[in-house]
Amino acid sequence: MENSSGSRVTSLILRILTFVFLFISFFILITTSQTVQSVKLHFNYYHAFRYMLATIIIGIVFNLLQIAFSLFNIVKNGNSTILFDFFGDKFLSYLLGTGTAAGFGLSVDLKKIDPDDFFGSFFDKAYAASTLLLFAFFCSAAVSILSSFALSKRS
C-alpha cells in the first residue's frame with residue numbers, strides 16, 4: 001500500500017514550517033544579548049543556550065535534507081526514503097524537544113535571579129527563541145507521526 005500524495009504534501013508543508021520556525025529562532029537567539037551598567041549577558045555565556053543553538057543548526061541542516069528528499073518523492077511518486085524519513089523524523093523531533101526544554105529551563109532559572117527585571121529584553125528574546133523552537137518541535141512531531149503511519153502502511 002503506497003503513501004498517499006496528500007500525506008506527502010502535508011509532510012512537506014510541515015517540514016517547511018519547521019524550517020521557517022527554526023530559521024527565525026536561530027536569528028532571535030544569536031541576537032540575544034543585553035548590557036546593563038557593567039553587566040553584560042550574551043546567549044553564548046550559557047551552555048543551555050549553546051545547546052539550543054546547536055539543536056537549531058542541526059535541525060535546519062537536517063530539515064533541509066528532508067525537504068529535498070520529500071520533494072524528490074513527490075516528483076518521482078516514490079517511497080524510496082521511507083526508513084530515512086521515519087528515523088530522521090524521530091531523531092529531529094527528539095532533538096528539537098530537548099533544545100526547547102534547555103532554552104525554557106535556563107530562561108526560567110535566570111529570570112528568578114533578576115527580580116528587578118533589569119534584563120527583561122534578554123529574557124524576552126530567549127523566551128521568543130524557545131517558543132519558536134517549540135513550534136518547530138510540534139511541526140516535527142506531527143511529521144514524525146505521519147512518517148510512522150507511512151511506514152506501517154508499507155507492504
Side-chain angles (χ1 to χ4, degrees), residues 1-34 41-111 121-155:
M1 199 172 183
E2 231 176 271
N3 193 6
S4 70
S5 70
S7 176
R8 286 188 212 142
V9 171
T10 303
S11 292
L12 179 63
I13 290 169
L14 286 169
R15 291 181 202 282
I16 291 170
L17 277 174
T18 302
F19 174 77
V20 169
F21 288 135
L22 288 172
F23 193 73
I24 296 170
S25 180
F26 172 78
F27 282 107
I28 290 173
L29 185 61
I30 63 171
T31 61
T32 301
S33 66
Q34 185 179 1
L41 287 182
H42 192 268
F43 85 94
N44 202 27
Y45 297 162
Y46 302 99
H47 291 288
F49 286 147
R50 282 190 261 168
Y51 176 76
M52 189 173 145
L53 180 66
T55 62
I56 292 170
I57 292 170
I58 292 169
I60 287 172
V61 170
F62 197 75
N63 202 36
L64 282 174
L65 182 65
Q66 286 184 313
I67 288 171
F69 283 144
S70 292
L71 285 172
F72 175 77
N73 284 331
I74 289 172
V75 170
K76 294 294 182 182
N77 199 19
N79 279 337
S80 61
T81 61
I82 198 161
L83 284 175
F84 176 76
D85 289 342
F86 175 75
F87 290 113
D89 291 334
K90 300 295 181 247
F91 168 76
L92 185 61
S93 64
Y94 294 150
L95 185 71
L96 297 180
T98 60
T100 300
F104 274 129
L106 181 61
S107 298
V108 168
D109 287 343
L110 288 177
K111 182 81 170 161
S121 170
F122 179 84
F123 298 122
D124 290 344
K125 284 184 177 183
Y127 282 130
S130 298
T131 302
L132 287 168
L133 187 55
L134 179 65
F135 291 154
F137 163 72
F138 287 149
C139 291
S140 180
V143 173
S144 178
I145 292 168
L146 290 175
S147 68
S148 297
F149 287 146
L151 184 64
S152 69
K153 290 180 182 180
R154 183 178 174 198
S155 352

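Hydrogens, waters and symmetry mates are skipped; everything else that's a heavy atom, side chains included, is used. Nothing fancy with the numbering, it's 1 onward along the sequence.
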Stepwise, does the side-chain contact (heavy atoms from CB on, under 4.5 Å) test hold for Phe49 with Asn44? CA-CA 7 Å; Phe49 286 147; Asn44 202 27; over 6 Å; no
Could you label the plane-to-plane angle of the Phe27 and Phe23 rings as parallel, tilted or perpendicular, counting under 30° as parallel and over 60° as perpendicular? perpendicular
All heavy atoms of Ile30 vs all of His42, minimum pair found to be O-NE2, 4.4 Å
Between CG of Leu22 and CZ of Phe135, what distance do you get to the nearest 0.5 Å? 13.0 Å
Is it the case that Lys90 and Ser148 place a side-chain donor and acceptor less than 3.5 Å from each other? yes
Among Phe87, Phe69, Phe91, find the residue that satisfies the ring-ring contact (aromatic ring centres under 6.0 Å, His included) test when tested with Phe62. Phe91
Nearest 0.5 Å, please: how far is CZ in Phe84 from CG in Leu65? 4.5 Å
Verdict with supporting geometry, Tyr51 and Thr98, side-chain hydrogen bond (donor to acceptor under 3.5 Å, both in side chains): CA-CA 9 Å; Tyr51 176 76; Thr98 60; 2.7 Å; yes
Aromatic centroids of Phe123 and Tyr127 separated by under 6.0 Å: no
Are Tyr46 and Leu41 close enough that some pair of their side-chain heavy atoms sits under 4.5 Å apart? yes
For residues Cys139 and Thr18, report the shortest heavy-atom separation together with the two atoms involved. CB-OG1, 3.1 Å
Where Leu12 and Leu71 come nearest, the two heavy atoms and their spacing: CD2-CD2, 3.5 Å
What's the shortest heavy-atom distance between Ser93 and Phe137, and which atoms? O-CD1, 3.1 Å
Distance (rounded to the nearest 0.5 Å) between Leu132 CG and Phe26 CZ: 14.0 Å
Taking all non-hydrogen atoms of both residues into account, name the closest pair between Gly59 and Leu92 and its distance. CA-CD1, 3.5 Å
Within the structure provided, determine whether Ile60 and Phe19 are in side-chain contact (heavy-atom separation under 4.5 Å). yes
Are Gln66 and Val143 close enough, and set up right, to give a side-chain contact (heavy atoms from CB on, under 4.5 Å), and what steps lead you there? CA-CA 11 Å; Gln66 286 184 313; Val143 173; 6.0 Å; no
Phe104 vs Thr131, side-chain contact (heavy atoms from CB on, under 4.5 Å): CA-CA, chis, key distance, verdict: CA-CA 8 Å; Phe104 274 129; Thr131 302; 3.6 Å; yes
Applying the side-chain hydrogen bond (donor to acceptor under 3.5 Å, both in side chains) test to Arg15, which of Asn63, Asp89, Thr10 qualifies? Asp89
Distance check, rounded to the nearest 0.5 Å: Ser11 atom OG versus Ile67 atom CD1? 11.5 Å
Nearest atoms (heavy-atom pairs only) where Ile56 meets Ser25: CD1-OG, 3.3 Å
Rounding to 0.5 Å, atoms OG1 (Thr55) and CG (Leu95) come to a distance of 5.5 Å
Here the gap from Phe43 atom CZ to Lys125 atom NZ, rounded to the nearest 0.5 Å, amounts to 11.5 Å
